[in-house]
Amino acid sequence: MCRHETAGTKQIPDVMGGAPVFCGTRVPVQTLLDYLEAGDSIGEFLAGYPTVTHEQVIAFLQQAKDRLVETVQ
């Protein structure tokens, strides 16, 4: 059962130590952030993690952007 589910991500205590993962996968959202921080593209991330969809990535990034904008207003 999910503790938290939003924008195609979820947290389950027994999956990846409770770290947020993309729904239906064991891929932590932190992995996407690490790829982007290193200068890799979304396409490169998706090639490495084919269980994650482009839509999930965009939904996550949109939500992260919305939360950031809310905190600086």
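Given the structure is predicted, the values throughout are model-derived calculations rather than measurements. If you read the sequence from its start, that first residue is 1, and numbering goes on from there.
- Of all non-hydrogen atoms in Val52 and Gln56, the two that sit nearest each other are CA-OE1, 3.4 Å.
- Listed by chain and residue number, nothing satisfies the side chain to side chain contact (heavy atoms under 4.5 Å, CB included) test with Val72 (two or more places apart in sequence, or in another chain).
- If you take CD1 on Ile58 and CD on Glu55, they are separated by 8.5 Å, rounding to the nearest 0.5 Å.
- Side-chain atoms of Glu44 come within 3.5 Å of backbone atoms of Ser41 as a donor-acceptor pair (strictly under, hydrogens ignored).
- Judged as a side chain to side chain contact (heavy atoms under 4.5 Å, CB included), and not counting sequence neighbours, the contacts of Asp66 are Gln62.
- By the 4.5 Å heavy-atom criterion applied to side chains, Thr31 and Tyr49 are counted as neighbours.
- The aromatic rings of Phe45 and Phe22 are tilted relative to each other, their planes meeting at an angle between 30° and 60°.
- Listed by chain and residue number, Leu32, Ile42, Leu61 satisfy the side chain to side chain contact (heavy atoms under 4.5 Å, CB included) test with Leu36 (two or more places apart in sequence, or in another chain).
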